[in-house]
Amino acid sequence: MSADEFEFETSDAGTDTGSTGAKSRQTVLETEDLAVSYGKVQALRGIDVTIREGEIVSLIGPNGAGKTTFANTISGFLEYEGSARYRDREVARVGQKGLVEQGMIHCTEERDLFGYMDVEDNLELGGYLQDDAIIEERKEFVYDLFPRLDERREQNARSMSGGEQQMLAIGRALMGDPDLLILDEPTIGLAPVILKDIAQALDPIQERGVTILLTEQNVTFALKHADRMYLLENGEAVREGTPEELKGDDYIRESYLGG
Ligand code: ATP
């Protein structure tokens with residue numbers, strides 16, 4: 001059974017923050033006519049994306065569509081044209097360090113764990129600069145969210161399975177108390193049973209007041225968990241809407257959902 005065929009438990013993520021309710025909420029991130037190039041390769045062009053407080057917004061698209069480039073750009077890693085504003089301030093002016101300090105926490109596709117450090121130490125590093133009491137409270141939240149991490153507190157990150165490492169990477173990002181959590185392809189290469197663990201963590205994270213940008217190749221996963229979605233192809237946003245709207249789109253059904 002492939003990940004796309006796997007039936008997740010239905011999330012109600014889309015019901016209260018659908019396009020109507022979300023419109024009254026404050027904008028967390030907004031890009032306008034965003035364009036990014038790597039030399040002669042134009043990876044993004046004309047991207048207008050809005051993410052409002054409390055939403056899970058997913059960028060979907062195939063390999064090379066520009067999802068990671070978008071995540072890296074709004075995190076301040078790449079130069080861009082057009083505009084990208086986080087909490088009304090231009091990303092390029094705020095810079096990487098300032099963005100992290102203001103709560104934009106990026107869980108990268110590579111996970112970037114400290115392999116020779118154990119689960120507990122990786123988590124504590126994610127919360128450095130915080131008071132001990134806050135670190136303890138957040139660790140307990142992460143261990144409740146991912147009991148597999150709780151059972152492996154003293155295990156080195158490099159010896160864990162890919163799914164467990166992904167949970168640890170998300171957990172470490174949560175230790176930084178994100179306002180906007182960027183999850184870049186969290187499901188890539190993971191078995192369906194682990195996808196379920198990741199999926200079940202999204203609602204409690206959202207309920208904690210965290211806004212989420214989820215980049216995904218797994219369209220089925222994104223459809224089940226996002227409030228709104230953008231489809232990127234060849235660096236352009238070719239569709240935008242709620243999961244219900246996109247599920248009803250012939251092109252999406254034929255190209256991404258097997259007809
Ligand atoms: P994937 O799901 O495979 O990670 P993606 O949607 O995240 O794909 P990007 O990684 O953003 O896509 O890549 C978008 C385009 O930019 C691709 O054509 C890719 O080859 C190109 N690209 C990405 N990173 C670089 C780089 N550092 N130097 C040159 N070109 C790059």
Side-chain angles (χ1 to χ4, degrees), residues 2-6 29-51 56-86 91-92 95-96 99 104-113 162-163 165-167 169-170 173 180-192 194-195 198-199 202 211-226 228-241 243 246 249 251-252 254-258:
S2 78
D4 275 359
E5 290 166 323
F6 186 78
L29 183 101
E30 187 160 43
T31 70
E32 279 176 310
D33 204 18
L34 184 74
V36 177
S37 297
Y38 301 100
K40 289 181 181 166
V41 176
Q42 182 145 33
L44 293 176
R45 66 182 76 82
I47 303 291
D48 298 334
V49 163
T50 303
I51 304 176
I56 299 180
V57 171
S58 186
L59 249 56
I60 56 170
N63 286 124
K67 305 179 298 296
T68 296
T69 299
F70 183 87
N72 287 341
T73 303
I74 62 166
S75 297
F77 298 143
L78 298 172
E79 289 184 8
Y80 57 87
E81 291 172 19
S83 160
R85 286 186 303 279
Y86 174 59
V91 159
Q96 285 169 35
L99 290 165
M104 188 195 288
I105 311 281
H106 186 158
C107 186
T108 68
E109 198 174 0
E110 291 80 20
R111 298 171 189 145
D112 297 328
L113 297 169
Q165 289 186 14
Q166 184 62 68
M167 292 174 203
I170 296 172
L180 175 63
L181 175 64
I182 302 170
L183 298 177
D184 192 6
E185 308 233 21
T187 69
I188 203 154
L190 302 186
I194 300 293
L195 290 198
I198 304 282
L202 292 175
T211 304
I212 300 175
L213 170 66
L214 173 71
T215 79
E216 263 304 333
Q217 276 185 44
N218 185 335
V219 176
T220 309
F221 182 90
L223 280 168
K224 286 193 186 293
H225 300 290
R228 289 187 306 106
M229 306 170 71
Y230 295 83
L231 170 63
L232 293 191
E233 287 183 348
N234 295 318
E236 292 185 83
V238 296
R239 292 287 190 285
E240 173 191 346
L246 294 199
D249 184 300
Y251 177 68
I252 301 258
E254 281 159 26
S255 304
Y256 293 94
L257 300 174

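From a predicted model like this one, the values you see are computed outputs, not experimental measurements. All ligand and atom numbering here is 1-based and tracks the order in the structure.
- The pair Glu216-Lys67 does not meet the salt-bridge criterion, since no charged nitrogen lies less than 4.0 angstrom from a carboxylate oxygen.
- Every atom of ligand 1 is numbered from 1 in the order shown, and the set under 4.0 Å from a heavy atom of Pro62 is 6 (O).
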Practice task
Step by step, work out the side-chain contact (heavy atoms from CB on, under 4.5 Å) result for Glu109 and Ile188.
Solution key: CA-CA 8 Å; Glu109 198 174 0; Ile188 203 154; 4.1 Å; yes

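- Heavy-atom neighbours of Asp48 CG from other residues, nucleotides or ligands within 6.0 Å: above the threshold of 12.
- Here the CG-CD distance, from Asp33 to Glu81, works out to 9.0 Å after rounding to the nearest 0.5 Å.
- Each of the atoms 15 (C), 16 (O) of ligand 1 lies under 4.0 Å from some heavy atom of Ala43.
- Between the side chain of Arg45 and the backbone N or O of Asn234, at least one donor-acceptor pair lies under 3.5 Å.
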Exercise for the section: Could you check Tyr80 against Thr31 for side-chain hydrogen bond (donor to acceptor under 3.5 Å, both in side chains), going step by step and ending with a plain yes or no? Expected result: CA-CA 11 Å; Tyr80 57 87; Thr31 70; over 6 Å; no

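- In terms of protein heavy-atom proximity, atom 4 (O) of ligand 1 is nearest to Glu109 OE2, 3.4 Å.
- Of all protein heavy atoms, the one lying nearest to atom 10 (O) of ligand 1 is Thr68 CB, 3.8 Å.
- Atom 28 (N) of ligand 1 lies below 4.0 Å from at least one non-hydrogen atom of the protein.
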Problem - side-chain contact (heavy atoms from CB on, under 4.5 Å) between Tyr256 and Leu246, worked out - result: CA-CA 10 Å; Tyr256 293 94; Leu246 294 199; over 6 Å; no

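- Within 6.0 Å of CD in Glu79 there are 12 or fewer heavy atoms belonging to other residues, nucleotides or ligands.
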Practice task
In sequence, state the C-alpha distance, the side-chain angles, and the governing distance for Glu32 and Arg85, and then conclude on salt bridge (Lys or Arg N to Asp or Glu O under 4.0 Å).
Solution key: CA-CA 9 Å; Glu32 279 176 310; Arg85 286 186 303 279; 3.3 Å; yes

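- When hydrogens are left out, the protein atom nearest atom 26 (C) of ligand 1 is Tyr38 CD2, 3.4 Å; that is the closest non-hydrogen contact.
- Close contacts between ligand 1 and Lys67 involve ligand atoms 2 (O), 5 (P), 6 (O), 7 (O), 8 (O), 11 (O), 12 (O) [criterion: under 4.0 Å to a heavy atom].
- Here is the list of ligand 1 atoms found below 4.0 Å of a heavy atom in Ala65: 5 (P), 6 (O), 12 (O).
- Taking atom 15 (C) of ligand 1 as the reference point, the nearest protein heavy-atom neighbour is Gly64 O, 3.8 Å.
- Looking only at protein heavy atoms, the nearest one to atom 13 (O) of ligand 1 is Thr69 OG1, 3.8 Å.
- Of the protein's heavy atoms, Glu185 OE2, 2.6 Å lies nearest to atom 2 (O) of ligand 1.
- Judged by the shortest distance from any of its heavy atoms, Gly66 lies inside the 4.0 Å radius around the atoms of ligand 1.
- For atom 3 (O) of ligand 1, the closest non-hydrogen atom on the protein side is Asn63 ND2, 2.7 Å.
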